[in-house]
Amino acid sequence: MDRQIATVSSWMRFGFIHGVMNTDNTTISGETIDYGPCAFMESYSPDTVFSSIDQQGRYAFGNQPAILGWNLARLAESLVPLFDADINAGVDFAQDTINGFQEKFASQRRSDLASALDTSTEVASAYFTAMQLYRPDITLAHRALADAARGRTLPAQELFKESDFVDSYLATHPSPDAVDAAMPRVIPRNMAVEAALRAAEAGDMQPFTDLLHAATHPWQPNPSYEQPDPDGLAGFLTYCGT
């Protein structure tokens with residue numbers, strides 16, 4: 001449980017959506033596997049779904065903690081006979097552990113975000129509220145907060161459209177260097193991935209090579225890949241085996 005909480009909490013900080021987070025893709029080692037229909041959320045919304053197979057939003061961005069808890073409960077059920085010679089005691093142990101999952105996950109997310117933004121857990125909680133209210137591009141929001149820590153507050157004020165959150169964040173005196181080290185400038189944005197795939201299918205590998213370099217050097221400034229697609233992501237889907 002602790003290993004998987006650390007993994008999923010970390011990837012959610014960057015807006016990652018696994019897309020098919022079922023039990024056979026949740027490992028005891030804490031690693032993630034089989035992320036064929038994955039994608040990175042751009043405009044913040046817990047309801048975001050990219051996987052073509054997920055018609056009901058089961059694996060939506062905001063549902064990932066609950067799905068992880070469900071997966072772990074299935075693992076616990078399979079292990080009940082090993083927990084205790086008394087089957088009832090084994091069930092109680094499993095249930096007590098699973099009952100603590102949601103709070104443990106929420107605490108880990110607050111702690112991860114507070115560490116990444118070099119702020120307090122209280123401000124990290126306020127961040128989730130502000131992100132859901134104003135729904136900025138998640139990567140640009142992180143960069144704007146790094147800029148705000150350097151005294152350039154206008155981008156953050158424009159994204160969040162209010163002063164209370166930004167002011168409360170700055171009141172904790174975050175280190176811009178610490179935020180820079182935790183929050184990348186580049187993610188593999190979805191339309192850039194699509195463009196690279198289309199070009200590769202036509203025999204031109206250069207867009208793929210350029211995107212691969214940008215995505216594997218995500219802290220380096222790269223204006224070609226830092227901005228969301230101006231036409232948005234309406235209708236964008238990913239597929240198993242992509």
Side-chain angles (χ1 to χ4, degrees), residues 1-75 101-102 104-106 108-109 112-113 116 128 131-132 135-142 183-201 207-208 211-212 214-216 218 225-229 231-242:
M1 180 184 290
D2 290 343
R3 289 169 178 163
Q4 277 294 332
I5 285 174
T7 297
V8 177
S9 175
S10 293
W11 85 38
M12 290 185 71
R13 177 155 51 89
F14 302 116
F16 182 77
I17 303 172
H18 185 289
V20 59
M21 222 180 101
N22 46 25
T23 52
D24 61 310
N25 297 331
T26 302
T27 63
I28 293 174
S29 66
E31 296 167 291
T32 184
I33 56 176
D34 191 15
Y35 33 89
C38 72
F40 282 83
M41 180 172 65
E42 298 187 21
S43 177
Y44 186 91
S45 172
D47 298 330
T48 302
V49 172
F50 289 129
S51 176
S52 62
I53 67 171
D54 192 2
Q55 300 296 316
Q56 304 301 318
R58 176 178 174 86
Y59 303 115
F61 177 79
N63 284 349
Q64 292 180 121
I67 289 298
L68 177 59
W70 192 91
N71 293 347
L72 289 167
R74 304 292 77 74
L75 174 64
F101 169 81
Q102 291 296 342
K104 182 174 280 193
F105 192 99
Q108 182 74 46
R109 280 201 77 193
D112 282 351
L113 187 67
F128 291 121
M131 290 292 284
Q132 187 152 349
R135 303 198 170 195
D137 180 276
I138 189 169
T139 306
L140 295 185
H142 295 158
M183 297 301 195
R185 296 176 178 275
V186 174
I187 59 169
R189 290 186 179 274
N190 299 299
M191 299 315 292
V193 172
E194 284 295 295
L197 290 172
R198 287 195 297 270
E201 289 173 344
F208 167 77
L211 177 59
L212 179 63
T216 53
Y225 297 102
E226 291 183 27
Q227 297 297 318
D229 190 278
D231 296 325
L233 296 174
F236 177 79
L237 291 175
T238 56
Y239 298 86
C240 289
T242 295

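Here the structure is a predicted model, which is why all the values come from computation and not from measurement.
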Tyr225 vs Leu211, test: side-chain contact (heavy atoms from CB on, under 4.5 Å). Steps then yes/no. CA-CA 8 Å; Tyr225 297 102; Leu211 177 59; 3.7 Å; yes
I'd like to know whether Tyr59 forms a side-chain contact (heavy atoms from CB on, under 4.5 Å) with His18, so could you lay out the CA-CA distance, the side-chain angles of the two residues, the decisive distance to 0.1 Å, and finally the verdict. CA-CA 8 Å; Tyr59 303 115; His18 185 289; over 6 Å; no
Is there a side-chain contact (heavy atoms from CB on, under 4.5 Å) between Asp229 and Phe236 once you walk through the steps? CA-CA 12 Å; Asp229 190 278; Phe236 177 79; over 6 Å; no
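Within the model, atoms CE of Met41 and CD1 of Ile187 stand 9.0 Å from one another, a figure rounded to the nearest 0.5 Å. Here the CD atom belonging to Gln108 is positioned 12.5 Å from the CE atom belonging to Met1, to the nearest 0.5 angstrom. To the nearest 0.5 Å, the span separating CG on Leu68 from CD1 on Ile5 amounts to 6.5 Å. Between the CD atom in Gln56 and the CG atom in Asn63 there is a gap of 11.5 Å [rounded to 0.5 Å]. Here CE of Met183 is found 6.5 Å from CZ of Phe14. Values are rounded to the nearest 0.5 Å. Note that CG of Leu237 is 9.0 Å distant from CZ of Phe50, once rounded to the nearest 0.5 Å.
Side chain of Thr7 to backbone of Gly30: a donor-acceptor contact under 3.5 angstrom is found. Proximity of a side-chain donor or acceptor of Asp34 to a complementary backbone N or O of Val20 within less than 3.5 Å is not detected.
Side chains of Ser45 and Arg135: a donor-acceptor N/O pair is present below 3.5 angstrom, by distance only. Asn190 and Glu194 form no side-chain donor-acceptor contact under 3.5 Å, judged by distance and modelled atom types alone.
For the salt bridge (charged side-chain N to carboxylate O under 4.0 Å, His left out) condition, no pair includes a residue of residues 8-28, sequence neighbours left out. Applying the salt bridge (charged side-chain N to carboxylate O under 4.0 Å, His left out) test to every pair with at least one member in residues 47-69, sequence neighbours left out, gives no pairs at all.
Minimum interatomic distance between Asp112 and Ser9 (heavy atoms only, all atoms of both residues): OD2-OG, 2.6 Å. Residues Leu140 and Pro228 come closest through the heavy atom pair CD1-CD, 3.7 Å. Closest of all the heavy-atom pairs between Ala66 and Gln102 is CA-NE2, 3.7 Å. Of all the heavy atoms in Met12 and Phe105, the pair that sits closest is SD-CZ, 4.0 Å. When all heavy atoms are compared, the tightest approach of Thr139 to Asp137 is N-OD1, 3.1 Å.
Here Phe40 pairs with Phe16 under the ring-ring contact (aromatic ring centres under 6.0 Å, His included) rule; sequence neighbours left out. Under the rule for a side chain to side chain donor-acceptor pair (under 3.5 Å), the partners of Ser29 that lie at least two apart in sequence or sit in another chain are Thr27, Glu31. Not counting sequence neighbours, the partners of Arg74 by the salt bridge (charged side-chain N to carboxylate O under 4.0 Å, His left out) test are Glu77. By the side chain to side chain contact (heavy atoms under 4.5 Å, CB included) test, Phe208 is found to be paired with Ala196, Met205, Leu212, residues two or more places apart in sequence or in another chain being considered.
By the 4.5 Å heavy-atom criterion applied to side chains, Gln55 and Val49 are not counted as neighbours. Inter-residue side-chain proximity for Asn71 and Gln4 is flagged as unmet; no heavy-atom pair is nearer than 4.5 Å. With a 4.5 Å cut-off on side-chain heavy atoms, Ile138 and Glu42 do not count as touching.
Remark: Ile33 CD1 is packed, more than 12 non-hydrogen atoms of other residues, nucleotides or ligands lying under 6.0 Å away.
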